[in-house]
Amino acid sequence: MAINIEIGQEIPGLSKTAFSPIEQDARNPIHTDEYAQKQGMQGALVPGSTLLSYMLEMLYNTFEEKWLHSGKINISFIGGGAVNGDQITTHGKIKSIDPQEGGNRITLDLWMENQDGVKIMVGEASCLR
Amino acid sequence: MSLESDFEAIPIGFDLGEWEMILDEETINTYADRMQWKAREVIDKLHCAPPGTSIGLHPRMQFAKFTNLKSAIWAKSEHEFLKPFKMGTKLRIRGKIVDKFVKRGRFYKVAEFEALDENGEVLMRSRETGINVE
């Protein structure tokens, strides 16, 4: 995907309906409605690895094959996470460009929001380009 | 056993063992479907798995070892992608507990993982911080 690599530039984000099949016999019951609701959540939490995958798809779209060789991501889960059916959007904004062996390492701020504009993931990623 | 006593019993350096994952076409497509992965080029043209395909195994490795652990959620997740996960690769994923701490009454474990190919080349490194929940 051709994007302008400039500090302050936002990369194209993704919108998805967060979803992971609820497995009532899941080993981690936080991914079941009953247990998650007992913990004060609205419903079964969508696994962090699923939310991470949504973010990785955005980064792959931006950096393409380079991401598979030189991508780095560091994220924190905040804001109570996501439950099935939440409308999430991924965001990335370039914050630095540093020349390195093999190209420029592009570093971005990352965040993910739910339908209410609440941030449920924040962090940073970088990749050579 | 209580959450606290279980947590205290976990030694730093605890070996989570080694799991295997065959990156065959069906496994990759199943993952892509579950993740609503639309960037098909990585699969159809590059013949690779989407990045992150093996990450879901990491919590399962912990649950397999910590049989008293009721539940856990991720707090932080770091990953470094070094080489593509090529279709047909037999991945080996190994992990260990590298730190643990209590903060604001919550019990945190930090685990590191490596995904290697058949030649022992490291394809991905991960460091994940999870909160034990009771």
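Only heavy atoms go into these numbers, but all of them, side chains included; no hydrogens, no water, no symmetry mates. Keep in mind it's a predicted model, so treat the numbers as computed, not measured. So you know, we letter chains A, B, ... as the sequences are listed, proteins then strands, and number each from 1.
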Neighbour count above 12 (heavy atom, 6.0 Å) for E26(B) CD: no
Got a second to check how far I73(A)'s CD1 is from E80(B)'s CD, nearest 0.5 Å? 12.5 Å
Output the distance between atom CH2 (W74(B)) and atom OG (S49(A)), rounded to the nearest 0.5 Å. 5.0 Å
L82(B) with M87(B), same ILVMFWY side-chain cluster at under 4.5 Å: no
V133(B) and Y35(A): side chain to side chain contact (heavy atoms under 4.5 Å, CB included), yes or no, with the steps? CA-CA 11 Å; V133(B) 181; Y35(A) 183 82; 3.7 Å; yes
Hey, what do you get for NZ (K83(B)) to NE2 (H69(A)), rounding to the nearest 0.5 Å? 9.5 Å
Kindly say whether P50(B) contributes a backbone atom to a donor-acceptor pair with the side chain of E57(A) at under 3.5 angstrom? no
Within a 6.0 Å radius of atom CD on Q42(A), are there more than 12 heavy atoms belonging to other residues, nucleotides or ligands? no
Please round to the nearest 0.5 Å and tell me the distance separating atom NZ of K38(B) and atom CG of N61(A). 10.5 Å
Identify the heavy atoms of P51(B) and L56(A) that sit nearest to each other, and give their distance. O-CD1, 3.4 Å
Would a hydrophobic clustering, with Ile, Leu, Val, Met, Phe, Trp and Tyr connected at side-chain separations under 4.5 Å, put W111(A) with F77(A)? no
Do F85(B) and W19(B) land in one hydrophobic cluster if side-chain heavy atoms of ILVMFWY residues count as linked below 4.5 Å? yes
Where does L52(A) contact chain B at under 4.5 Å (heavy atoms): side chain, backbone, both or neither? side chain
Show your working on side chain to side chain contact (heavy atoms under 4.5 Å, CB included) between E65(A) and K45(B) and close with a plain yes or no. CA-CA 11 Å; E65(A) 193 173 353; K45(B) 186 175 161 196; over 6 Å; no
Between K16(A) and W37(B), the two heavy atoms sitting closest are NZ-N, 4.4 Å
Between CD1 on residue I78(A) and NZ on residue K76(B), distance to nearest 0.5 Å: 12.5 Å
Please classify the contact between E128(B) and chain A as side chain, backbone, both or neither, with a heavy-atom cut-off of under 4.5 Å. neither
How far apart are the closest heavy atoms of N28(A) and S71(B), and which atoms are they? OD1-OG, 2.5 Å
In terms of hydrophobic clustering (I, L, V, M, F, W, Y; side-chain heavy atoms under 4.5 Å; direct or indirect links), are I7(A) and I11(A) co-clustered? yes
A quick test of your reading: do over 12 heavy atoms of other residues, nucleotides or ligands sit less than 6.0 Å from CD of E25(B)? no
Taking CZ in R60(B) as the centre, count heavy atoms belonging to other residues, nucleotides or ligands within less than 6.0 Å. Is the count above 12? no
Counting heavy-atom pairs closer than 4.5 Å to chain A, which one of I55(B), V42(B), T53(B) comes out on top? V42(B)
Do you know which of S53(A), G123(A), C127(A), G48(A) has the most heavy-atom pairs with chain B at a distance under 4.5 angstrom? S53(A)
When clusters are formed by joining ILVMFWY residues with side-chain heavy atoms under 4.5 Å apart, either directly or through shared neighbours, do F101(B) and V98(B) land in the same one? yes
Interface moiety of A39(B) toward chain A, non-hydrogen atoms closer than 4.5 Å: both
Taking atom CD1 of I73(B) and atom CD of Q39(A), what is their separation to the nearest 0.5 Å? 8.5 Å
Heavy-atom contact with chain B under 4.5 Å, split by part of L59(A): neither
If we define contacts as heavy-atom pairs under 4.5 Å, which of S126(B), A75(B), G56(B) has the most with chain A? A75(B)
Is Y31(B) close to chain A through its backbone or its side chain, or both, or neither, when contacts mean heavy atoms under 4.5 Å? side chain
